[in-house]
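Worksheet for the structure shown next.
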Amino acid sequence: MKKNASTLSLIILIFITYWGFKLSMPSYKADATTSLTSFSTDRALKHVKNISKKPHAVGFPAHIEVKNYIVSELKKMGLETNLQTGYTAGDWANLSQATNILARIRGSGNGKALLLLSHYDSNPHSSFGASDAGSGVATILEGVRAFLSENKTPKNDVIILLSDAEELGLNGASLFVNKHPWSKDVGLVLNFEARGSGGPSYMLVETNKGNANLIKEFTKANPDYPVANSLVYSIYKMLPNDTDLTVFREDGNIEGLNFAFIDDHFDYHTAKDTYDRLDKKTLAHQGSYLMPLLHYFSNSDLNNIKSETDYNYFNVPFFKLVSYPFDWVWPMFGIAILLFIILLIYGFKKESLTIKGVLKGFIPLLIALIINGIIGFFSFKILKKIYPQYQDILHGFTYNGYEYITAFVLLSISVCFYSYQKFRKVSTSDLVVAPIFIWLLICGGLTAYLPGANFFVIPVYAILGSLLVLINQKKPNVFLLVFLALPAIWIFTPFIKMFPVGLGLKMMVASTALTSLVFFLLLPIFGFYKHKGRLALIALLLCFGFIVSAHINSGYDENKAQPTSLLYVYNDDDKSTNWATYDHELSNWTKQFITDNKKNAEALNAQVISSKYSSGFTFTAPAPFKNLAIPEINTTKDTVIGNQRFIEICIKPNRNVNRLDLFSNEVSINKAKINTIPLPEDFLLNRKKGKLVTHYITDNAYTEIELVIPKNEKLSLTIYEASNDLLTNKQFTIPARPKDNIPMPFVLNDAILITKTISFE
């Protein structure tokens, strides 16, 4: 391959990779004056701005303000609005009083209804909730407004549910599905969510059985920018799920589609989830899903959504969503093997392939794959040693995470080029055999154990086509080989970015390994490059450049704020008082109260309060005594009937509180009710760390506990009562955080915590 052709092919490959990402979502254009019957991103943004002025978790004053705003906007559209209020505990024993906002557009038919879903509460206690899920609420409000402006009556009813207390345990969704009569009318749910503040919105199916009919109907609705694949769907079905839509599937056997974005994951559940940081293109992407799906499903038969069969599906530019039945997965894999065998025989007969050359081709492949796998596996562990402050970003995606992804991808490419430079005398046709063999092994395993990823075999068909070209032509057309590389680039490169962004930099190994595997698929092109060593050096230098950039940006500033935490902990049993923090690297703000003293942290962590990542206190320090109002605890019943003991306790706060956690010793609890709400039997059988319930309190409500235990067992309960007012309580003089600090998410924070243990002999 000529030098100019090599350079041009490399430029084209870089361009089509960029183009693939670019075409995955719409661009943003100011559209405040667009037709009233069209979705306007600018009009939706106004809703986001109004919803995200303050943190508005359940029990917070702004929660009521956001609820009233949404109700008023629905009424402006002429919709009758209903509120559904009640206690639920969900599957996680997180009790709260949820208030759902409901409205209904009546259709002309009597079939199943389409439900539009998002949640309006923000995460406790400091998130402004612009993306999660103000963006979802805004998408629905603007979409419904545009839909109603057409003055057309749909065939199906359209129900709008803006649920409450999603962040606490999917409580609002549980309240609707299990206790509202409208839930029986629902045939399909469209749920709009967020796990970051930008990037493409991924479509994710939620179904108890097969996805075939949902995928076919989604394709007919024809959204312009579908981003979805059945690999993520298959993995999702294997994992514990935690969106409102899960409740519809599990409790109501109702199918649905999730739409959620994950880029800029560092903003997730933080005080940086603000209007200014929401990517306008992302909001436009949500709107590009809603409008065609709303029009299509409001007029289609929702009684035939369920299916017994599954489809493989994936998106590529120009073709949108490509799908085929699971019945095809083994034939497709079998045909790929057959073609590979035929090409091997044909290549050896034509003497375009040699046994020695083919065997040598496995050496650079294995060297590159092993080295890059090791680099990816240990990368974030090493980074946390070098930059211990990364430990305080609990979800594991740092502010400079994109720079690290780019750096390690470039390092992987460098290793690949260098490995193959050492085998430049081996013909390209011989080198290509090993990647096909490895990829067929991968596809075989996926087809057997994760059939939703069978579409990985499609780029294998493309490289088989490249092998046919290489067998027949000593100087193949570079543009033909680039064309055959398109499936590998457009199908796999999004995964290289998606895994470490969505799951944290601990998943960097997925990026480095997949980069290597994609490189192998491009060997029909790269094999002809004469200066692989130079390209390896260029990639390595670029890698160092991004590493240096990441280092420069490893600190904190106002836009990349340090997560910090501080609590005042009073133990009423021994009258001890402590400052406590979850910080691994103490900030100057935290050091005003705590020094590097882990002496008491272990004792305070004996029963750590529930948190998303099971985080425990890292540092503690003695704190001054404050005269705090202790909760009133009354035993209203303690009776033995037969072999069971019935205990009822009422806990009333004597100060303004937000949360009460209740733990027990290792006693068997046969039944439990909290404020008359039964806790799930499965939860009681599999309680972790003794957790009994977490009550997120509204209006300083009491907590009433009814327990049934074996009569011979001795019960001990530990109560953790928390208020998120440490920085505003008049008994304390806590300075405001500096602008380069934010409250640490996912943990109890800025709180006054009172603990007390009671025993029943």
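Positions are given from 1, in the same order as the sequence printed here. When reading the values below, keep in mind they use all heavy atoms of this one structure, side chains included, and skip hydrogens, waters and symmetry mates.
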Do the non-hydrogen side-chain atoms of [X] and [Y] ever get within less than 4.5 Å of each other?
X	Y	result
L190	L115	no
I705	E648	no
I697	Y702	no
S664	L715	yes
T577	V569	no
E721	P653	yes
Y570	F625	yes
L148	L79	yes

With under 30° as parallel and over 60° as perpendicular, where do the rings of [X] and [Y] fit, or are they tilted in between?
X	Y	answer
Y87	H695	perpendicular
F593	W589	perpendicular
F746	H395	perpendicular

**Request:** Using the salt bridge (Lys or Arg N to Asp or Glu O under 4.0 Å) rule, take E65 and K54 through it: C-alpha gap first, then chi angles, then the decisive distance, then the call.
**Result:** CA-CA 10 Å; E65 296 172 14; K54 305 172 187 175; 3.4 Å; yes

Inter-residue atom distance [X].[atom1] - [Y].[atom2], 0.5 Å rounding:
X	Y	atom1	atom2	value
D244	R249	CG	CZ	13.0 Å
T755	Y720	OG1	OH	6.0 Å
K673	E706	NZ	CD	5.5 Å
N686	E681	CG	CD	11.5 Å
D279	D264	CG	CG	7.0 Å
I758	T635	CD1	OG1	5.5 Å

**Prompt:** Do the two ring centres, one from W579 and one from Y568, sit under 6.0 Å apart?
**Reply:** yes

**Item:** Ring centre gap for F176 and H180 strictly below 6.0 Å
**Value:**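 That pair passes the under 6.0 Å test.
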
Counting only heavy atoms not in [X], do more than 12 fall under 6.0 Å of its [atom1]?
X	atom1	result
D573	CG	yes
F760	CZ	yes
K626	NZ	yes
K575	NZ	yes
K560	NZ	yes
K46	NZ	no

Does one side chain, of [X] or [Y], offer a donor that lies under 3.5 Å from an acceptor on the other?
X	Y	answer
T620	N578	no
T243	E193	no
D276	T274	no
N100	K179	no
T636	N634	no
Y69	H47	yes
R645	T639	no
T564	R737	yes

**Complete:** From the list T581, D750, D392, T590, side chain to side chain donor-acceptor pair (under 3.5 Å) partner of S565 resolves to T581

**Request:** Among D164, N68, T99, find the residue that satisfies the side chain to side chain donor-acceptor pair (under 3.5 Å) test when tested with H63.
**Result:** D164

Whether [X] side chain and [Y] backbone form a donor-acceptor pair below 3.5 Å:
X	Y	answer
E255	E206	no
N665	S716	yes
Y696	A165	no
K756	I630	no
R277	N559	yes
Q731	N627	yes
D574	S576	yes
D121	E166	yes
N654	P631	no
S118	L162	no

**Request:** List the steps, then state whether side-chain contact (heavy atoms from CB on, under 4.5 Å) holds for D157 with L114.
**Result:** CA-CA 6 Å; D157 285 8; L114 172 66; over 6 Å; no

**Item:** Residue from N178, V247, N171 passing side-chain contact (heavy atoms from CB on, under 4.5 Å) with T88
**Value:** N171

Under 4.0 Å between a Lys/Arg side-chain N and an Asp/Glu carboxylate O for [X] and [Y]?
X	Y	value
E73	R145	no
R195	D132	no
D185	R104	yes
K272	D267	no

**Message:** Assess the residue pair N258 and N191 against the criterion (side-chain hydrogen bond (donor to acceptor under 3.5 Å, both in side chains)); give the C-alpha distance rounded to whole Å, side-chain angles, the decisive distance to 0.1 Å, and a yes or no.
**Reply:** CA-CA 5 Å; N258 275 307; N191 183 38; 2.7 Å; yes

**Message:** Does T718 form a side-chain hydrogen bond (donor to acceptor under 3.5 Å, both in side chains) with T757? I'd like the steps, not just the answer.
**Reply:** CA-CA 4 Å; T718 301; T757 300; 3.2 Å; yes

**Message:** For I752 and F732: C-alpha separation, side-chain torsions, deciding distance, then whether side-chain contact (heavy atoms from CB on, under 4.5 Å) applies.
**Reply:** CA-CA 10 Å; I752 300 169; F732 297 84; 3.5 Å; yes

**Request:** May I have the step-by-step check of side-chain hydrogen bond (donor to acceptor under 3.5 Å, both in side chains) for T618 and H584, ending in yes or no?
**Result:** CA-CA 6 Å; T618 50; H584 289 85; 5.5 Å; no

**Prompt:** Run the side-chain hydrogen bond (donor to acceptor under 3.5 Å, both in side chains) check on Y556 and D740 step by step: do they pass?
**Reply:** CA-CA 6 Å; Y556 296 110; D740 61 351; over 6 Å; no

